[in-house]
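See structure below.
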Amino acid sequence: MRDLVLPTENNPTASSPNNATGHSCAPDGAVLKALILGSGTPDQASRPGGEVGAVFASLGALEPPYDPEALCLLFEHSNSLRQNVDAYATNIDGFGHRLDPAIDFDADDADRRVGECIFLERLAARDRGELPAEAELEPTPDEIKERRRELVQLARTERARLASFFEFCSFDHSFVELRRRTRQDLEVTGNAYWEVLRNAAGEVARLVYVPSFTMRLLPLDANPVPVEESVRISPVTLERVTTRQRMRRFLQVQYTQRTFFKAFGDPRFVSRTTGEAFSSLDALRASGPDDAPATEILHFAIPSPRSPYGIPRWVGGMLAVMGSRQMEEVNYLYFENKSVPPLALLVSGGKLSEASVPRIERFIEENLKGKNNFHKVLILEAEGATSANDAARARIELRPLTEAQQHDALFQQYDERNIDKVGSAFRLPRLLRGDSRDFNRAVADAQLRFAEDQVFQPERDEFDFIVNRKLLADMGIRFWRFRSQTPVTRDPERMTNMVEKLVRVGVLTPEEGRVLASDIFNREFAKLGADWTKRPITLTLAGIQNGVEDLRPKPPSETLIDQAKRLLALREELAAEEERRSRERLQMARDEMRRPEPERLIVPSGEWRSWFEEDSDGS
């Protein structure tokens, strides 16, 4: 409500909204009555709908530090949170992923890496007692060659399996969209959840997004249970180990349905309707005909030192978010409840009749409020003088009231400071929040590099660790590592010129240049197995000009002992070859002796000659 003081001849400015006393004093000491017009302004602030806290509490769920649904409503109504959260979701999770090999079998050191894997596997087997203590750990070249051939086939099969999984792991959207939704929940409420579905063989088959405001955590179970985990003992080998852990269950209440979940990797049989753990699947199904085993939940959280729930990083700026919302509502309600007309028609030399006051009030309520009535005019009617002491002549005056009106939005500087506070909570520069004022290229590049190095890349590394350590390890993936793609924040033209010069002068080989080019263009290039890609281009060009085909470094010269060993080995090989040839000749002689005599036929000489004589017709 606003106090409105009706203007008079002696106090023409009494209608100013800056008059906070609610009344005005005329120069002669007379007090003019202030008429309070307009009804109370309704509070437009949104409130969370649907109280489910009592349901969660009755089922034993832990209470989160902040109501997730209220945080979601603040995010929807805030004028600063959406930009920051979208910047996180786009730059961290919006560029897809790639699969990096644990061992590059096309590299020059592939045999050495395979040999190290065999050595580490044998060492782990000896520690477990599967190999005797005196067993040889170093592999032979033949073993390395055979193992490398086997690993190449397995890696190829595993990559095809991973590509198919990430393409179809979500029902109705892509894996990138699943990550973006997860990031939005994580930044808005501090928590995010994936429901992990398995096939009949117990393998991870699908990932389902679960809204964070519908989930609650239950306390850790009192008794630890044995849990199997995959531990890496070599770059391409996983080993299953058993540890005892206290597991946690989860509860979802959505509308009238409640569902229990178990933590990812929990081997127990947990009821999805009651949350009770059973010793076997048969016992669970015997407890109720409609009961089924609970599925698993993978929980993401922004850690909090005082709660198992995560908390959003902008919670310290919550008052700034709410203050900006209230500021927006005040400015918006001005158009709905504007009560200062732009023009007043003053009639002096009389007084207002008793019927004029309700008419004025009704006129303001019905004809002045709102944007459609912005230019309506208020007309004040006065009765003429009735006594001899009063002036007998009435006067009409038009008085503009635009000075008392609000010409621009209120609290603009306050709102700008609030937006900066929220952005600083996310540690994002203005450019990434959609504000491009007063920026040159150098400042923009510096801000993008800061955000990439200090904000986005650490978040990608954390997400990649969870996927590799939990999800892919449970799937038995050994040869590939999940890695999130990064945006091209460098200048592609400048980087291209730099790589070209380094390759041309021989600092980089063409193969190394292709690796850098893949980072510039954010895509994988096919590997080239040619020898010229592994040496500087200057040496390759020199070899072409001089007619030298192979410029690879020659092996060091042999010593006398090495030559003697080589000659002895050659003599042994020749002796073995001669012995083999002797055995072959002896076997051929024996086979010839065992062959039966051929059958002989006697042909008369006349008939014999007739076979070779020409016919009389010369044919």
Side-chain angles (χ1 to χ4, degrees), residues 52-53 56 59-69 71-72 85 88-89 92-93 169-170 175 177-198 204-222 224-225 227-230 243 245-254 258-268 270-272 275 277 293-313 315 458-475 482 484:
V52 295
F56 282 117
L59 296 174
L62 298 176
E63 183 179 0
Y66 303 93
D67 184 12
E69 188 173 0
L71 295 176
C72 292
V85 173
Y88 265 57
I92 297 175
D93 305 287
C169 64
S170 298
F175 184 67
E177 179 63 21
L178 174 65
R179 291 184 59 179
R180 289 174 63 92
R181 295 186 183 186
T182 304
R183 180 64 54 180
Q184 178 173 295
D185 271 15
L186 187 63
E187 298 302 328
V188 172
T189 66
N191 301 272
Y193 304 89
W194 285 356
E195 182 182 4
V196 182
L197 304 180
R198 298 181 182 268
V204 176
R206 291 289 185 272
L207 303 175
V208 181
Y209 162 77
V210 181
S212 61
F213 74 93
T214 65
M215 294 293 296
R216 294 294 187 273
L217 277 64
L218 272 69
L220 286 172
D221 294 337
V225 297
V227 179
E228 285 191 355
E229 293 183 333
S230 295
T243 59
Q245 302 179 16
R246 295 175 61 189
M247 305 303 293
R248 186 188 302 276
R249 289 164 295 166
F250 299 84
L251 173 63
Q252 181 187 34
V253 174
Q254 195 169 20
R258 62 182 186 182
T259 307
F260 286 88
F261 300 90
K262 62 181 182 179
F264 182 75
D266 191 342
R268 299 176 299 174
V270 177
S271 169
R272 66 178 305 171
T295 53
E296 299 170 67
I297 283 290
L298 187 58
H299 181 206
F300 303 87
I302 299 177
S304 169
R306 67 184 184 93
S307 173
Y309 290 96
I311 60 173
R313 65 186 81 245
V315 71
E459 293 294 331
R460 291 193 204 99
D461 294 340
E462 181 65 22
F463 180 83
D464 295 349
F465 172 80
I466 294 176
V467 173
N468 288 313
R469 183 66 181 85
K470 293 187 176 182
L471 195 63
L472 298 192
D474 186 87
M475 296 171 62
F482 180 92
S484 298

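The basis for the numbers below is simple: all heavy atoms, side chains too, and nothing from hydrogens, waters or symmetry mates.
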Check your understanding: Is there a side-chain contact (heavy atoms from CB on, under 4.5 Å) between C72 and T189 once you walk through the steps?
Key -> CA-CA 7 Å; C72 292; T189 66; 3.8 Å; yes

Study note, to complete from the structure: The salt bridge (charged side-chain N to carboxylate O under 4.0 Å, His left out) partners of E63 (sequence neighbours excluded) come to none

Exercise for review: Check the pair F260, L218 against side-chain contact (heavy atoms from CB on, under 4.5 Å), reporting the backbone distance first and the verdict last.
Suggested key: CA-CA 10 Å; F260 286 88; L218 272 69; 4.0 Å; yes

Exercise for review: Output yes when a side-chain donor or acceptor of S307 lies under 3.5 Å from a complementary backbone atom of S304, and no otherwise.
Suggested key: no

Review point. Can you check whether R306 reaches P65 side chain to side chain, under 4.5 Å on heavy atoms?
Key: yes

Review point. Within the distance-only criterion (no hydrogens, no angle test), does the side chain of E296 pair as donor or acceptor with the backbone N or O of G265 below 3.5 angstrom?
Key: yes

Check your understanding: Taking side chain as C-beta onward, heavy atoms only, is P312 less than 4.5 Å from I302?
Key -> no

Check your understanding: Going by the side-chain hydrogen bond (donor to acceptor under 3.5 Å, both in side chains) test, which pairs reach into residues 465-475, not counting sequence neighbours?
Key -> R198-D474

Point to revise | Distance in Å, E69 CD paired with L71 CG, rounded so as to fall on 0.5 Å steps | key: 10.0 Å

Review point. Can you tell me how far the OG atom of S484 sits from the CD atom of E462, to the nearest 0.5 Å?
Key: 11.5 Å

Practice item. Apply side-chain contact (heavy atoms from CB on, under 4.5 Å) to the pair M247 and R268, showing each step before the final yes or no. Key: CA-CA 10 Å; M247 305 303 293; R268 299 176 299 174; 3.7 Å; yes

Point to revise | Check: S230 side chain, A473 main-chain N or O, donor-acceptor pair, under 3.5 Å | key: yes

Check your understanding: Does G275 offer a backbone N or O that forms a donor-acceptor pair with the side chain of R249 under 3.5 Å?
Key -> yes

Review point. Do T214 and Q252 pass the side chain to side chain donor-acceptor pair (under 3.5 Å) test, and can you show the C-alpha distance, the side-chain angles, and the key distance before you say yes or no?
Key: CA-CA 5 Å; T214 65; Q252 181 187 34; 3.2 Å; yes

Check your understanding: According to the interplanar angle, ranging from 0 to 90°, do the rings of W194 and F300 count as parallel (below 30°), tilted (30 to 60°) or perpendicular (above 60°)?
Key -> perpendicular

Check your understanding: Does the side chain of R216 reach to within under 4.5 Å of the side chain of L59, using non-hydrogen atoms?
Key -> no

Practice item. Nearest 0.5 Å please: distance from the CZ atom of F175 over to the CG atom of L207. Key: 6.5 Å

Review point. Taking C-beta and beyond as the side chain, do R248 and H299 meet within less than 4.5 Å on heavy atoms?
Key: no

Point to revise | Sidechain N-carboxylate O distance under 4.0 Å for R272, E195 | key: no

Exercise for review: Please step through side-chain contact (heavy atoms from CB on, under 4.5 Å) for the pair L472 and V467, ending with a clear verdict.
Suggested key: CA-CA 6 Å; L472 298 192; V467 173; 4.1 Å; yes

Exercise for review: Calculate, to the nearest 0.5 Å, the distance between atoms OH and CD1 belonging to Y193 and I297 respectively.
Suggested key: 8.5 Å

Check your understanding: Does the side chain of D185 come within less than 4.5 Å of N191's, by heavy atoms?
Key -> no

Study note, to complete from the structure: Sequence neighbours excluded, the answer for side-chain contact (heavy atoms from CB on, under 4.5 Å) partners of P267 is V227

Exercise for review: Locate the shortest heavy-atom distance separating S212 from P68; write the atom from each residue and the value.
Suggested key: O-CB, 4.5 Å

Practice item. Kindly compute the distance separating CZ (F250) from CG (L62), expressed to the nearest 0.5 Å. Key: 10.5 Å

Review point. Donor-acceptor pair, Y309 side chain versus L217 backbone, under 3.5 Å?
Key: yes

Practice item. Verify the neighbour count for atom CZ of R258: are there more than 12 heavy atoms of other residues, nucleotides or ligands below 6.0 Å? Key: no

Review point. Between atom CZ of R179 and atom CZ of F463, what is the distance when rounded to the nearest 0.5 Å?
Key: 4.0 Å

Review point. So, D221 side chain and R246 main chain: donor-acceptor pair closer than 3.5 Å or not?
Key: no

